[in-house]
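The structure appears below as structure tokens.
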Amino acid sequence: AQKVTQAQTEISVVEKEDVTLDCVYETRDTTYYLFWYKQPPSGELVFLIRRNSFDEQNEISGRYSWNFQKSTSSFNFTITASQVVDSAVYFCALSEADSGNTPLVFGKGTRLSVIA
Amino acid sequence: GAGVSQTPSNKVTEKGKYVELRCDPISGHTALYWYRQSLGQGPEFLIYFQGTGAADDSGLPNDRFFAVRPEGSVSTLKIQRTERGDSAVYLCASSQRLAGVSGELFFGEGSRLTVL
């Protein structure tokens with residue numbers, strides 16, 4: 001069964017610090033997709049990234065970067081030079097695809113507070 | 001509007017009552033998902049539709065929960081004989097295809113249900 005674990009419940013950093021949000025997943029499928037979503041105080045989940053299981057190349061988008069390591073079943077998310085606007089709850093999610101794409105399973109989220 | 005629209009944004013009801021929550025997806029999106037999010041938790045899958053049919057309703061907690069999408073666009077989540085444990089934010093999302101392929105679910109802001 002698929003499972004996503006975000007061990008960090010809450011993280012608090014001072015503005016301009018770098019911060020890494022951890023995500024560990026479990027799946028028996030060889031084909032799957034990993035996602036990160038941001039949920040600001042307004043409540044609407046915002047898509048950040050999707051990565052398929054065959055692409056382990058790390059990705060950078062502005063201040064955001066993602067480190068996918070199949071060997072440790074992890075898909076960690078780093079924010080460089082954090083800003084107050086980064087304060088939100090961040091969710092990692094998994095969709096299995098060997099037998100057809102399954103709906104996303106989310107972790108419990110990590111609440112990030114960036115203090116000015 | 002351009003995004004996923006959910007109504008009502010807030011619903012307070014009494015134990016035992018019937019409630020309906022409505023979701024209007026992004027025009028042209030064939031896949032529609034319902035998730036439930038309890039305080040401090042990640043979104044929990046309930047049901048998804050591909051067109052008019054429920055492709056997977058394995059997440060519905062019991063037979064008090066039911067959802068329809070009669071014309072392949074707007075969907076209604078129906079909860080009978082509400083219980084206090086049903087209190088949560090109900091999130092709706094849509095995508096052009098199954099999320100694992102299209103890569104992105106577009107979420108609404110949710111309907112917060114409080115059962116007294």
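The chains referred to below are lettered A, B, ... by the order of the sequence lines, with proteins before strands, and numbering in each begins at 1. Basis for what follows: all heavy atoms, side chains included, without hydrogens, waters or symmetry-related copies.
For Gln39(A), the part sitting under 4.5 Å from any heavy atom of chain B is the side chain, from C-beta outward, and nothing else. Of the atoms belonging to Tyr35(B), it is side-chain heavy atoms, and not backbone ones, that fall under 4.5 Å from chain A. Neither the backbone nor the side chain of Gln6(B) comes within less than 4.5 Å of any heavy atom in chain A.
Of the residues considered (Leu45(A), Val105(A), Leu48(A), Asn52(A)), Leu45(A) shows the highest number of contacts with chain B, using heavy-atom pairs under 4.5 Å.
Here the two rings, on Phe75(A) and Tyr25(A), have centers that are 6.0 Å apart or farther. Ring to ring, Phe49(B) and Tyr33(B) are not that close: their centroids are 6.0 angstrom or more apart.
For the atom pair OG1 (Thr20(A)) and CD1 (Ile79(A)), the distance works out to 9.0 Å, reported to the nearest 0.5 Å.
Ion pairing between Glu96(A) and Arg28(A) fails under the 4.0 Å rule for side-chain N and carboxylate O.
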